[in-house]
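As structure tokens, the structure follows; a few thoughts come after it.
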Amino acid sequence: MTSALPYVYSVPHLGNFVGSVLPADVYFKYLKMKGDDAIFICGSDQHGTPIELAAIKKGVEPDKLADELHATVKNLFEKYHCTFTHYGKTHTEENREVTYGVFNELYNNGYILEREDMQAYCNIDKRFLTDRFIQGTCPYCHKRSARGDQCDNCGRLLEPTQVIDPFCAICGKSDITFKKTKNLAFELNKLQSELKEFIKKNGKHNWSKDAVNKSLSMIKEGLKPRDITRNMKWGFPVPLTGYENYVIYVWFDAPLGYIGITKEWNSKRWRDYWQNEHTQLVQFLGKDNTTFHTIFWPAELIGSRLGFVLPFTIKESQFLVSKQLKFSKSQGVGLNMRTALEILGADYWRFALMYMYPENADSEFTEHGLEEIVNVIMNDKIGNLAQRVLKLSKSNKFLAEGEVSAKDDANVKKIVKEYRNAFDKLQLKRAIGTVVKLADLGNRIMSSKEPWTLVKKAREDAKVEKQTRKIFSELLAITYALGILLYPFAPKASAELLAYFGIKSEPTLEMLDQKVKPNLEAEPKPIFQKMTGKEIEKLQKYA
RNA sequence: AGCGAGGUAGGGUAGCCUGGAGUACCCGUCGGGCUCAUAACCCGAAGACCGGAGGUCCAAAUCCUCCCCUCGCUACCA
């Protein structure tokens with residue numbers, strides 16, 4: 001399984017995180033709990049115009065800048081307890097090999113076309129300028145914020161020739177002329193029917209309606225050849241004579257990075273996953289990225305005839321948006337993955353973000369919404385249930401000692417089944433909902449059975465004692481199961497809870513059937529805390 | 001503009017594929033219970049013309065058509 005490769009231009013914001021890496025990591029943790037042979041591949045997408053431009057402006061080599069950014073982002077994901085099998089990057093020898101392999105096969109198989117077009121050329125820097133290297137005044141809003149592809153101010157799409165008073169983003173001068181230049185294009189149109197067949201077949205495997213329909217409609221409208229070379233410097237050089245000054249276009253090598261990164265992880269085993277007909281490839285990505293994964297990239301794989309696996313499931317997310325808070329616009333300002341950790345710990349963000357996961361529709365991030373999830377769902381319902389069960393058990397050891405297991409409890413079993421079912425269908429919001437359901441079950445038992453009353457009678461009445469032991473056993477089983485089910489969403493809290501039951505290793509679903517003994521000597525500590533005025537104040541700084 | 005997806009109590013969501021009394025969850029509001037626990041938890045109530053207008057059907061939030069609003073894509077951002 002993979003998560004969309006973050007384009008490492010700045011610190012990812014919370015919307016980026018919840019769109020692909022986080023749900024992917026959550027799902028991966030579930031697969032590991034289940035015991036599947038799964039690997040989770042992700043990494044930094046390092047090529048492309050924005051990074052080359054930033055490197056030129058900073059006066060550093062693009063590979064150096066890209067590696068620095070890669071290190072920063074990698075470190076951040078670790079702080080959020082993401083456990084990739086490998087978090088790599090696209091500018092590697094391995095990815096170059098994979099990219100050239102696919103490129104050469106497409107070329108040999110007759111899917112590559114040479115065509116000519118007009119492109120901007122800076123007479124001062126003596127180089128061609130891709131659209132983003134052209135800046136100037138927007139013909140629509142007349143702000144000096146237009147680029148060759150789009151205006152940053154009004155968001156309208158532009159042609160480079162439409163930009164008024166264009167200047168070169170590198171030297172700032174206006175000495176630009178348009179020259180005829182050649183490029184290689186990938187004839188996607190030749191693979192249309194194979195792509196359609198692939199989407200129709202695999203689209204049944206839990207893809208969103210949105211992903212299937214927009215992919216099919218794009219094919220229906222007719223695919224066109226798409227450029228795969230760029231007249232710039234940063235990237236993999238095109239391995240063809242006559243193209244010495246060109247690099248492979250980032251969209252072409254970035255998704256091949258999934259394979260390249262796997263090869264970087266393990267030079268022997270990568271083929272076992274990627275060239276194996278039994279592999280089920282599950283890919284997490286945001287809605288802006290869908291057709292790259294359902295059309296452009298599969299076309300590369302199909303056209304290469306190298307027997308690479310195609311996406312089995314496309315797990316597309318919508319966007320998490322915020323009207324009241326600034327999600328990073330770029331440049332690391334606003335509420336992003338870094339600044340968020342200054343407010344709350346990783347478990348809180350993981351759980352809260354998954355609780356508001358924009359699974360089927362855009363979802364709204366609000367300060368109040370976050371507060372509610374942290375304070376009510378995590379703290380009051382889940383954390384406090386564990387605390388009241390463990391404390392009551394500790395102060396009534398004679399009723400709580402002995403082995404417990406979630407195996408024989410019908411209510412717990414039912415919820416666990418629903419949890420598994422939700423995950424297996426990739427319904428992640430439903431999955432996190434079942435965790436809350438389990439806590440609700442515990443809280444309801446507490447209220448209806450009132451074990452704190454029973455313990456007083458249990459010492460005198462053997463019948464009551466037996467009854468009370470059963471209730472304790474059930475409550476402890478629920479708490480133990482909570483510790484396991486919580487793992488994908490809040491791994492740290494899960495570990496803390498499971499420690500009371502003597503579990504120190506990574507949890508598995510099999511453990512639910514094990515018999516465990518609660519440690520009634522240890523003083524239970526709350527696994528979650530509420531957000532206080534201090535955290536809310538910090539959050540409001542981003543309003 | 002074209003294509004795709006969304007619009008559900010005051011707020012936030014699930015339900016829609018596979019039609020069956022507006023069903024459910026969280027917050028907020030109102031009333032009650034409980035005192036084990038982190039002032040938490042539990043029970044009950046009020047609150048929705050399911051974006052709008054038509055249509056199909058014994059029956060529509062769900063299927064069809066048109067319109068309005070929001071988001072995404074439209075091939076040189078990735």
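Sequence lines set the chain letters: A, B, ... in the order given, protein chains first and strands last, and positions in each chain run from 1.
Proximity of A/Ser363 to the phosphate of B/rG12: no side-chain N or O atom is located under 4.0 Å from OP1 or OP2. Contact annotation: A/Tyr355 does not reach the phosphate of B/rG12 (side-chain N/O to OP1 or OP2, under 4.0 Å). OP1 or OP2 of B/rC43 has at least one side-chain nitrogen or oxygen of A/Arg444 nearer than 4.0 Å. Residue A/Thr49 has a polar side-chain atom (N or O) positioned under 4.0 Å from OP1 or OP2 of B/rA78.
For A/Trp297 and A/Phe252, the gap between ring centers reaches or exceeds 6.0 Å. Aromatic ring centres of A/Tyr87 and A/His70: separated by under 6.0 Å.
Environment of NZ in A/Lys492: sparse, with no more than 12 heavy atoms of neighbouring residues, nucleotides or ligands closer than 6.0 Å. Sparse packing is recorded around NZ of A/Lys525, with 12 or fewer heavy atoms of other residues, nucleotides or ligands lying under 6.0 Å away.
Comparing B/rC73, B/rA5, B/rA75 against the side chain of A/Asp210 picks out B/rA5 as the nearest. When distances are taken from the side chain of A/Gln387 to each of B/rC36, B/rU38, B/rC27, the shortest belongs to B/rU38.
B/rC49 and B/rG22 have their C1' atoms separated by 11 Å, given to the nearest Å. Across B/rG6 and B/rG12, the matching C1' atoms stand 15 Å from one another, rounded to whole Å.
Across every strand in view, B/rC57 sits unpaired, with no contact that passes the Watson-Crick or G-U test at under 3.5 angstrom.
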